[in-house]
Amino acid sequence: MLRTHTCGELRLDCVGTPVTLCGWVDSYRDHRGVVFIDLRDRYGITQVVFQLELDSAVQALARDLRGEDVIQVSGSVVARGEGLENPKLATGQVEVRAESLSLLNKSKTPPFEPRTFDLPNEELRLSHRYIDLRRPQLQSNLILRHKLTISVRKYFDERDFLEIETPMLGKSTPEGARDYLVPSRVTPGAFYALPQSPQIYKQLLMVAGYDRYFQLARCFRDEDLRADRQPEFSQIDVEMSFVNQEDILQTIDGLISRTVRDLRGTEHPLPLPRYTHAEVMERFGTDKPDLRFGMELIDIGEIAATCGFSVFQKTIESGGRVRGIRVEGAAEKFSRKAIDELTVFVGNHGAKGLAFFRVKDGELDSPIAKFFTPEQQKAIIQRLEAGPGDLLFFVADKGSVTSAALSALRNRLGKELGLYDPNELKVAWVLDFPMFQWDEDEGRWVAEHHPFCQPHEEDIPYLETDPGRVRAQSYDLVCNGYEAASGSVRIHDSVVQQKIFSLLGISGEEAELRFGFLLNALRYGAPPHAGIALGLDRWVMLFLGNDSIRDVIAFPKTQKASDLLTGAPSEVDSRQLRDLHIRVELPGGK
RNA sequence: GGGGCCGUAGCUCAAUUGGUUAGAGUACCGGACUGUCGAUCCGGUGGUUGCGGGUUCGAGCCCCGUCGGCCUCGCCA
């Protein structure tokens, strides 16, 4: 070992101990007669002091140290004098009085310093990720991620779950996200797909009798990125046999409680609240509501139907909806210009306009107020439980547009007005998603969750008559406006499974071709089973109160899915392509 | 595929309606300083304003294209 201690552990009780530390020079302060070095490793920072009495060679070496040099220092721990402590450092009551110094590796001047206050742009951070990762902030993110995975593994291990790895090289299946493909060398023209999730494998494990399975699974989806979405990510994947929905919910309730206790040292109240999909869509306009604040969506259809404002009236006549939100005490906070900006914002979510009213004493103030009788104005105020000084926003459109626009507006205002504590975790279940959604473009039903999901028993008759009415035995876990987990009770009967496939427009022949192995497995004694997958990266992000998933991944990709550090993806040698029987045809015919 | 924001010194930013030699802080280099801790003080190096074209007497600023980063809609069973 090149060191006896880390840079984060020396305290007053170590005074007098001879120590050797290794680390990076975080900063230097040269006073000619005395040189201070803040030495950093992932455990913390310790101040090293080089004094005048030292050997002149050591003095000279110390004076030449610059940021990010890697050094080894030996000396003794001394208490800092009265008034010389640094309360900002955990080690700030002591310092190491250096006796010898060796420069393990001189650093080039780094493009930015880990201790920087003004974070450089993300491009530079990603291309020099090894420096960015030296920042205490990112280090503590990855440490928390580690703690979460340990906590998860302990929780499941203590409950007889087995962690079982499933293949990365699998079979491409239709439906779902775009696959990342891997060409086969030995079977020309054939491809593996990287897993979007271990879904089918874990169901096969249930058939095989591994009745409690979990895995920290790497998953891949070739879709466009977002702040909370990376093309490769990790799931806490769980599946259980001989259980129903209730068992899964309770198991995951326990997991959330356990991880919150392990990571935050606090007790999270259980059971986690449960909502139906229909309820959250009505109250929040989204299937992943941020429950840290109110400002729920209110329907004023009845009032709108008879008012003199033709936009509202016609929307109701044509089967649309008029819904709104009440922004408490915001009447004076939003100028006309600010409201215009919000109008553009909801426009990006499909709304053709944004009506607003400022609430005065018992009446409404707005360019469109004149289209509403005093009684109607009172009715609106009453309906939204509004008081003087409140600001009301309304969107009139197809129901789905009012949901999309108002939920986006609600999220934006909630954040901008600071209506919640960003560190709070508000976790809840959303149950009974619809089985299918009608896809306008493709002119067919598509699975809302996935095609292996068990419908509610009482809705099975609607499979043939009214698929849109069929509710799935599915459940999402939402947290702070994010989908943090998603799961369902699975179909364990090949006849039902085939029925679902055919409803999705997958013929019996195609189903056999694509999923024959699964249908077959279901014929050989498949137990009732159910499962769920939690987005690991998102949970880490949520625990940190962060809103970028990249800050909890050691080596993330950019929005174009490239790795600025290594240069991936890149062209490959023509010989590699030949081995794989692949000819490349670039767009534009190059 | 669509919409938006951004790109100026190694880094973070500034630069008046389009107008002189593109500035500041920091980093870096040199000097001063025996207790600092985002050290301080003095001096200095450092620029293809992402790239290519255009408009103009004149472009960091306006226009077109392009590359890259971020946010977002679509997409993400």
Side-chain angles (χ1 to χ4, degrees), chain A residues 26-39 45-54 59 64 66-68 78 80-89 91-92 95 97 108-113 115-128 131 173-179 196-197 199-200 219-231 233 341 344-350 404-405 408 411-412 433 435-437 439-441 445-453 472 474 483 486 488 500-501 504 506 515 533 535 547-548 550 557-560 562 564:
Chain A
D26 195 61
S27 68
Y28 67 94
R29 293 174 293 279
D30 180 0
H31 288 248
R32 186 75 169 192
V34 57
V35 177
F36 299 96
I37 298 292
D38 283 350
L39 195 62
I45 288 178
T46 299
Q47 174 166 284
V48 180
V49 57
F50 295 85
Q51 292 186 303
L52 197 58
E53 305 85 69
L54 276 173
Q59 263 282 344
D64 281 340
R66 292 296 178 268
E68 302 315 300
V78 298
R80 297 205 194 180
E82 183 80 22
L84 297 179
E85 304 93 343
N86 185 349
K88 291 179 190 165
L89 295 181
T91 60
E95 63 191 2
R97 190 156 297 173
K108 283 177 64 179
T109 301
F112 63 98
E113 298 189 294
R115 66 183 187 127
T116 187
F117 287 86
D118 297 313
L119 217 48
N121 70 56
E122 199 134 13
E123 204 173 340
L124 189 78
R125 290 177 51 201
L126 290 172
S127 60
H128 296 80
I131 292 173
T173 55
E175 303 266 320
R178 198 174 292 113
D179 285 321
Q196 296 177 25
S197 79
Q199 182 61 36
I200 291 177
C219 304
F220 306 84
R221 295 179 188 175
D222 187 4
E223 298 291 348
D224 285 352
L225 285 79
R226 287 286 186 284
D228 65 338
R229 267 170 24 198
Q230 282 275 306
F233 61 100
E341 205 182 303
V344 171
F345 176 75
V346 296
N348 294 335
H349 295 269
N411 280 340
R412 175 173 167 163
F433 277 64
M435 268 298 275
F436 309 104
Q437 256 193 346
D439 186 314
E440 295 281 351
D441 296 336
W445 293 100
V446 295
E448 168 87 20
H449 181 46
H450 58 53
F452 316 111
C453 198
S474 70
E483 177 193 318
S486 185
S488 63
I500 301 294
F501 281 147
L504 293 170
I506 302 172
F515 297 109
D547 48 20
S548 173
R550 292 185 296 278
K557 303 246 183 313
T558 69
Q559 197 164 48
K560 280 192 66 190
S562 63
L564 295 181

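Each chain gets a letter, A, B and so on, in the order the sequences are listed, and its residues count up from 1.
Judged by distance alone, with hydrogens and angles left aside, A/Glu82 brings no side-chain donor or acceptor close enough to the base of B/rG35 to form a pair under 3.5 Å. Looking at A/Arg221, its side chain has no donor and acceptor atom pair within 3.5 Å of the base of B/rC76. The base of B/rC37 sits within donor-acceptor range of the side chain of A/Arg80, with an N or O pair under 3.5 Å.
Residues passing the ring pair (Phe, Tyr, Trp, His ring centres under 6.0 Å) test with A/His128, sequence neighbours excluded: none. Applying the side chain to side chain donor-acceptor pair (under 3.5 Å) criterion to A/Gln559, with sequence neighbours excluded, gives no partner residue.
On the P atoms, B/rG74 is 42 Å away from B/rU55, given to the nearest whole Å. Only the C1' atoms considered, B/rA59 is 14 Å distant from B/rU8, to the nearest whole Å. B/rC73 sits 36 Å from B/rG10 when the P atoms are compared, rounded to a whole Å. Taking the P atom of each, B/rG23 and B/rU45 are spaced 13 Å apart, rounded to whole Å. Atom name C1', nucleotides B/rG18 and B/rC61: the rounded distance is 7 Å, in whole Å. Of the P atoms belonging to B/rU36 and B/rG47, the separation is 37 Å, rounded to the nearest Å. Between the C1' atoms of B/rG7 and B/rA15, the separation comes to 16 Å (whole Å). For the P atoms, the distance from B/rC13 to B/rG1 is 29 Å, rounded to whole Å.
Interatomic distance, A/Cys453 SG to A/Phe433 CZ, rounded to the nearest 0.5 Å: 10.0 Å. Within the model, atoms CD1 of A/Ile45 and OG1 of A/Thr91 stand 8.0 Å from one another, a figure rounded to the nearest 0.5 Å. We find the CZ-CD distance between A/Arg32 and A/Gln59 to be 9.5 Å, quoted to the nearest 0.5 Å. Put simply, CD on A/Gln47 and CG on A/Leu84 are 9.0 Å apart, with the number rounded to the nearest 0.5 Å.
Using a 4.0 Å heavy-atom cutoff across all strands shown, A/Ser197 reaches at least one base atom of the nucleic acid. Contacts of A/Gln199 with the nucleic acid, taken as non-hydrogen atoms under 4.0 Å apart, include base atoms. A/Glu95 comes within 4.0 angstrom of a base, heavy atoms only.
Contact annotation: the side chain of A/Phe112 never approaches that of A/Leu119 to less than 4.5 Å [non-hydrogen atoms, C-beta and beyond]. Looking at A/Asn86 and A/Arg80, their side chains come closer than 4.5 Å, going by heavy atoms from C-beta outward.
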Any N/O pairs under 3.5 Å between the protein and nucleotides 41-47 of chain B? List them or say none.
none

Name the pairs: protein N/O against N/O of nucleotides 25-28 of chain B, kept only if under 3.5 Å.
unit_1: B/rC28; atom_1: OP2; unit_2: A/Tyr28; atom_2: OH; d: 3.3

Could you write out each protein N or O paired with an N or O of nucleotides 32-34 of chain B at a distance under 3.5 Å?
unit_1: B/rA32; atom_1: OP2; unit_2: A/Arg32; atom_2: NH1; d: 2.8
unit_1: B/rC33; atom_1: N3; unit_2: A/Asp30; atom_2: O; d: 3.3

Could you run down the sub-3.5 Å N/O contacts of the protein with nucleotides 69-73 of chain B?
unit_1: B/rG69; atom_1: OP1; unit_2: A/Thr558; atom_2: OG1; d: 3.1
unit_1: B/rG69; atom_1: OP1; unit_2: A/Ser562; atom_2: OG; d: 3.3
unit_1: B/rG69; atom_1: O4'; unit_2: A/Glu123; atom_2: OE1; d: 3.3
unit_1: B/rC70; atom_1: OP1; unit_2: A/Gln559; atom_2: N; d: 3.4
unit_1: B/rC70; atom_1: OP2; unit_2: A/Gln559; atom_2: N; d: 2.8
unit_1: B/rC70; atom_1: O3'; unit_2: A/Arg550; atom_2: NH2; d: 3.0
unit_1: B/rC71; atom_1: OP1; unit_2: A/Arg550; atom_2: NH1; d: 3.3
unit_1: B/rC71; atom_1: OP1; unit_2: A/Arg550; atom_2: NH2; d: 2.9
unit_1: B/rC71; atom_1: OP2; unit_2: A/Arg550; atom_2: NH1; d: 3.4
unit_1: B/rU72; atom_1: OP2; unit_2: A/Ala227; atom_2: N; d: 3.2
unit_1: B/rU72; atom_1: O4; unit_2: A/Gln559; atom_2: NE2; d: 3.4
unit_1: B/rC73; atom_1: OP2; unit_2: A/Arg226; atom_2: NE; d: 3.1

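For the pair A/Phe36 CZ and B/rU40 C1', the computed distance is 13 Å after rounding to whole Å. The separation between A/Leu84 atom CG and B/rA39 atom P is 16 Å, rounded to whole Å. One can place CZ of A/Phe117 at 7 Å from P of B/rG38, the figure rounded to the nearest angstrom. Spacing between atom CZ of A/Arg178 and atom P of B/rC75 amounts to 12 Å, rounded to whole angstrom units. For A/Ile45 and B/rU36, the CD1 to P distance is 18 Å, given to the nearest whole Å. In this structure, A/Leu124 atom CG and B/rA9 atom P are separated by 12 Å, rounded to whole Å. Going from atom NE2 of A/His128 over to atom C1' of B/rG10 covers 10 Å, rounded to whole Å. As a whole-Å value, the separation of A/Glu85 CD from B/rU36 P is 12 Å.
Counting only distance, with no hydrogens or angles, the side chain of A/Thr116 and the backbone of A/Asp118 share a donor-acceptor pair below 3.5 Å. Between the side chain of A/Arg125 and the backbone N or O of A/Pro120, no donor-acceptor pair lies under 3.5 Å. Between the side chain of A/Gln196 and the backbone N or O of A/Ala177 there is at least one donor-acceptor pair closer than 3.5 Å. Side-chain atoms of A/Gln230 come within 3.5 Å of backbone N or O of A/Lys557 as a donor-acceptor pair.
A/Pro451 and A/Phe501 get closest at one heavy-atom pair: CB-CE2, 3.9 Å.
A salt bridge links A/Asp38 with A/Arg29; the closest basic N to acidic carboxylate O contact falls under 4.0 Å.
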Stepwise, does the side chain to side chain contact (heavy atoms under 4.5 Å, CB included) test hold for A/Ser197 with A/Arg221? CA-CA 9 Å; A/Ser197 79; A/Arg221 295 179 188 175; 4.1 Å; yes

Begin from the C-alpha positions of A/His450 and A/Ser488 and carry the test side chain to side chain contact (heavy atoms under 4.5 Å, CB included) through to its verdict. CA-CA 9 Å; A/His450 58 53; A/Ser488 63; 3.8 Å; yes

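Applying the Watson-Crick and G-U wobble criteria (two distances, each under 3.5 Å), B/rC70 pairs with B/rG4. B/rC29 is paired with B/rG43 under the Watson-Crick or G-U wobble criterion, all donor-acceptor distances under 3.5 Å. Using Watson-Crick or G-U wobble geometry with both donor-acceptor distances under 3.5 Å, B/rG60 finds no partner in any strand shown.
Ranked by how close their nearest RNA chain B nucleotide is to the 5' end, A/Ala447 and A/Gly81 are led by A/Gly81.
One finds a side-chain N or O of A/Arg29 lying less than 4.0 angstrom from the OP1 or OP2 phosphate oxygen of B/rA39.
Of the candidate nucleotides B/rC11, B/rC75, B/rG35, B/rG35 has the atom nearest to the side chain of A/Gln47.
Within a 6.0 Å sphere centred on CD of A/Glu223, heavy atoms belonging to other residues, nucleotides or ligands number more than 12.
Here A/Phe112 does not pack flat against the base of B/rC11, since the 5.5 angstrom centre distance and 30 degree tilt limits are not both met.
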